[in-house]
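Here the structure is laid out as structure tokens; the discussion comes afterwards.
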Amino acid sequence: MAKVTLPDGKTREYPDGTTVLQVAESIGKKLAKDAVIGVVNEKPVDLFFKVTGDVKLKIVTRQQPESLDHLRHTCAHIMAQAVLRLFPNTKLAIGPPIEDGFYYDMDPEKPFTPEDIEKIDAEMQKVLASNFPCERFELPRTEAIERCRKEKQDYKVEMLGEWTDEKVSFYTQGDFTDLCRGPHLPSTGAVPAVKVLKATGAYWRGDEKNKMLQRLYGTAWWSKEDLEKYLHRIEEAKKRDHRKLGKELDLFSIHEEIGGGLVHWHPRGSMIRHVMEQEWYADHVKRGYLLVNTPHIASEEIYRISGHLEAYKELMFGSMLIEERPFRVKPMNCPGHIMIYKSKLHSYRELPMRLAEFGTVYRFEKSGVLHGMLRVRGFTIDDAHIFVTPQSVEKEIIEVFNFAVEWLGKFGFKDLAIYLSTRPEKSVGATSDWEKTEAALRNALVNAGVKFQVDEGGGAFYGPKIDVKVRDSLGREWQCSTVQFDFNLPSSGRFDLSFVGEDGNRQQPYMVHRALMGSVERFFAVLTEHYGGAFPAWLSPTQATVIPIADSHIEYAHSVAAQLRGAGFRVDVDARNERTGHKIREATLLKTPYMLVVGEKEVAAKQVAVRERSGKDLGVMDVARFRELLGEEVRAKK
RNA sequence: GCUGGCGUAGCUCAGCUGGCAGAGCACCUCCUUGGUAAGGAGGAGGUCGUGGGUUCAAAUCCCAUCGCCAGCUCCA
């Protein structure tokens, strides 16, 4: 007899050899219908797994999110089956589930074309319709290698050669058998909705020294509706692509003639940036930061001292000789801020000393990774370096962390993910320093009472860090704020920083690098996609457009605009020889928050007819009333 | 960088079994003075990314090159 303990602690008995599915059936019809896989003694198993002896059993149903992984994993195999039917000489590598879908890396004779993708998708649907049962069998590893070698599945042979398991499992579904740990859905017909999306290149094992394989991506869901919803979400993300919106809304451009990854901010984009910068400066002054500015190139020597030349070389632009002395375009702002700190002797009373700058830096990124404003070669960091006594470093880190949370909140980012990143492989400094500072950051987070995850090995080469990622309106995560500890640059081997302590002796300060937005370009791209281009009034480059109905109303339109500009608002007049509907359409497409239509009636009554970009009509009101309304919205950053 | 796809007017794109380079929007001129998402007419605008080749003839076919786009962490 098998004694089965269920998650609620209840125990049931079955004859040995009863399958997980049969157990589910004995509990309830619905459970059996929704069952996807079982978990026996913490190990995922197929529904036809036979239970014997004392076991703990959990049944994973479609309602549980992890069931999607198993669905998608099964789909990866079905996709491979479809590919082998169409292209029999394809060699298979690996096919895991990923967020929202799955992929299978394979090595076909010829790369897949878009038409192939459609064929593969159609073939997959046939496999689903055939409803092949997915059957598991095991082989000793050596026999498995033999089998895969015969089938010329070189990648499987390579993987099998590296494993140490005595036995490995295969799954067969119809005319297709593949090495797989499982578990799988019971049959190919159990897949309700699946679609092959695209093919791209991917290196075998992600290593560029290895052969480039073809990676086929697909997505799968428990219902057609979920699949549709997902495809719709992809469409929505495409519509919000900052590169597309950047063009449509005339925000920025990148020019081949000038170079990839170098951003030109157009007047409308630049206005948004300007508003953000003004807010940033004001907030920093409020919090006791000191504003500085530093040069864009520096003698190579400074980067030798800082260690960048050594640890960061491949990301720095080449050397240029100026009067026989080598210079570099700056990849970092820290050395400049450090030189300002070092320009005189400091007392412990002055610390923490917080030097802040919108520092533009240039880093050599490989051409293939450039991506609109998200990944560029020249960008501006909203940078600050804080020189602090060892005693108050933890307090200061909490302070910075709170600042970051407040700042991101202004842009509607309330859902934050916090990461503590520890020592990477390529790093400088003593182990004891790393341990001490990692503990300081950890304490700061614990004391601030926030939940965080640890990213092992994700730190900068000079110290551990705290990263803050925001979740945008489409649920995607973006890295923004960073608080990085640095015990390297202040050290005697580097810049040898000091302050005079209470006892009159020189001591070494700690240093914290921090950025709230990270790269202004990147943050701007994230914001554009987050808002879908409909920037809130406080950020919008044009806050209102005055639309005169006919030429005779132009003069009044200008006087309305002048009044509003006088109150500090950004207002345009659309005096073109076009119909009202045309002007409204264009202002709406530019996502201007308000349109103020003025015609004969408004001129006579000294009023404006207010329309929101959503199309909502707010009616006719005095200019002063609109000024209040917009003023309130801007102040509240709604 | 690597693999695949794509480069045609300022923008979005059609043309690509080789045979006179197109549309819509935007721009300019004129008409129209119109009340809430495109008023009408006309005009100007491109050595089809660049270089080479095949051909009587190349936007179209071939080669090279540059740029853009997707992907290159997720281990059966």
Among [options], find the nucleotide with the atom closest to the side chain of [X].
X: Ala609(A); options: U36(B), G34(B), A70(B); result: U36(B)
X: Trp163(A); options: A76(B), U3(B), U33(B); result: A76(B)
X: Tyr104(A); options: A37(B), A76(B), G34(B); result: A76(B)
X: Ala202(A); options: C72(B), G39(B), G35(B); result: C72(B)
X: Arg579(A); options: A37(B), G34(B), G35(B); result: G34(B)
X: Arg243(A); options: C69(B), A76(B), G35(B); result: C69(B)
X: Ile98(A); options: C75(B), G35(B), C74(B); result: C74(B)
X: Asp165(A); options: A37(B), C72(B), A76(B); result: A76(B)

Determine the Euclidean distance between corresponding [atom1] atoms of [M] and [N]; express it in Å to zero decimal places.
N: A57(B); M: G15(B); atom1: P; value: 26 Å
N: C48(B); M: C72(B); atom1: C1'; value: 32 Å
N: C66(B); M: A21(B); atom1: C1'; value: 24 Å
N: G45(B); M: A23(B); atom1: P; value: 13 Å
N: C28(B); M: C61(B); atom1: P; value: 37 Å
N: U8(B); M: U60(B); atom1: P; value: 13 Å
N: G34(B); M: G40(B); atom1: C1'; value: 12 Å
N: C30(B); M: G46(B); atom1: P; value: 23 Å

Are [X] and [Y] close enough that a side-chain donor and a side-chain acceptor fall under 3.5 Å?
X: Thr422(A); Y: Glu456(A); value: yes
X: Tyr155(A); Y: Asp107(A); value: yes
X: Asp472(A); Y: Trp478(A); value: yes
X: Ser67(A); Y: Trp222(A); value: yes

Quiz prompt | Nearest-nucleotide comparison on RNA chain B, the residue closer to the 5′ end among Ala93(A) and Ile254(A) | solution =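 Of the two residues, Ile254(A) wins.
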Quiz item: Toward the 5' end of RNA chain B, which comes first, Gly372(A) or Glu99(A), by nearest nucleotide?
Solution: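 Its nearest nucleotide being more 5', the pick is Gly372(A).
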Indicate, with a heavy-atom threshold strictly under 4.0 Å, whether [X] touches base, sugar-phosphate, or nothing.
X: Gly599(A); value: base
X: Glu248(A); value: nothing
X: Tyr155(A); value: nothing
X: Gly615(A); value: nothing

Quiz prompt | Asp617(A) (side chain) and U36(B) (base): donor-acceptor pair under 3.5 Å | solution =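 When only heavy-atom distances are counted, Asp617(A) does not reach the base of U36(B) through any donor-acceptor pair under 3.5 Å.
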Quiz item: Is there a donor N/O on one and an acceptor N/O on the other, under 3.5 Å, for the side chain of Glu602(A) and the base of G35(B)?
Solution: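 Under the 3.5 Å cut-off, the side chain and the base do form a donor-acceptor pair.
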Please report, rounded to the nearest Å, how far the [atom2] atom of [N] is from the [atom1] atom of [X].
X: Asp574(A); N: U36(B); atom1: CG; atom2: P; value: 16 Å
X: Trp204(A); N: U3(B); atom1: CH2; atom2: C1'; value: 17 Å
X: Ile584(A); N: A37(B); atom1: CD1; atom2: P; value: 6 Å
X: Asp551(A); N: G34(B); atom1: CG; atom2: P; value: 10 Å
X: Glu578(A); N: C25(B); atom1: CD; atom2: C1'; value: 12 Å
X: Leu216(A); N: C72(B); atom1: CG; atom2: P; value: 14 Å
X: Met159(A); N: C75(B); atom1: CE; atom2: P; value: 12 Å
X: Lys591(A); N: A37(B); atom1: NZ; atom2: P; value: 16 Å

If [N] has a Watson-Crick or G-U wobble mate with both distances under 3.5 Å, name it; if not, just say none.
N: U3(B); answer: A70(B)
N: A64(B); answer: U50(B)
N: U17(B); answer: none
N: A44(B); answer: none
N: G24(B); answer: C11(B)
N: A76(B); answer: none

Self-check item: Lys591(A) NZ/CZ over Phe535(A) ring centroid, <6.0 Å and within 45° of normal
Solution: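 No, cation not above the ring by the 6.0 Å, 45° rule.
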Practice problem: Check whether NZ of the Lys or CZ of the Arg Arg72(A) lies under 6.0 Å from the centre of the six-membered ring of Trp221(A) and within 45 degrees of that ring's axis. | Solution: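 Checked: cation-pi criterion met.
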Short side-chain N/O contact to [N] OP1/OP2 from [X], under 4.0 Å:
X: Arg576(A); N: A26(B); answer: no
X: Arg215(A); N: U3(B); answer: no
X: Lys247(A); N: U12(B); answer: yes
X: Tyr103(A); N: U73(B); answer: no
X: Arg611(A); N: A37(B); answer: yes
X: Arg181(A); N: A76(B); answer: yes
X: His553(A); N: G34(B); answer: no
X: His582(A); N: A26(B); answer: yes

Practice problem: Take the angle between the ring planes of Phe170(A) and Phe137(A) and call it parallel below 30°, perpendicular above 60°, tilted in between. | Solution: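 Taking Phe137(A) first and then Phe170(A), their aromatic rings lie parallel (interplane angle under 30°).
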Practice problem: Check the pair Arg240(A), Glu236(A) against side chain to side chain contact (heavy atoms under 4.5 Å, CB included), reporting the backbone distance first and the verdict last. | Solution: CA-CA 6 Å; Arg240(A) 287 168 178 248; Glu236(A) 188 57 27; 3.1 Å; yes
Quiz item: Is the His184(A) to Tyr171(A) ring centre distance short of 6.0 Å?
Solution: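 Centroid distance His184(A)-Tyr171(A): below 6.0 Å, so yes.
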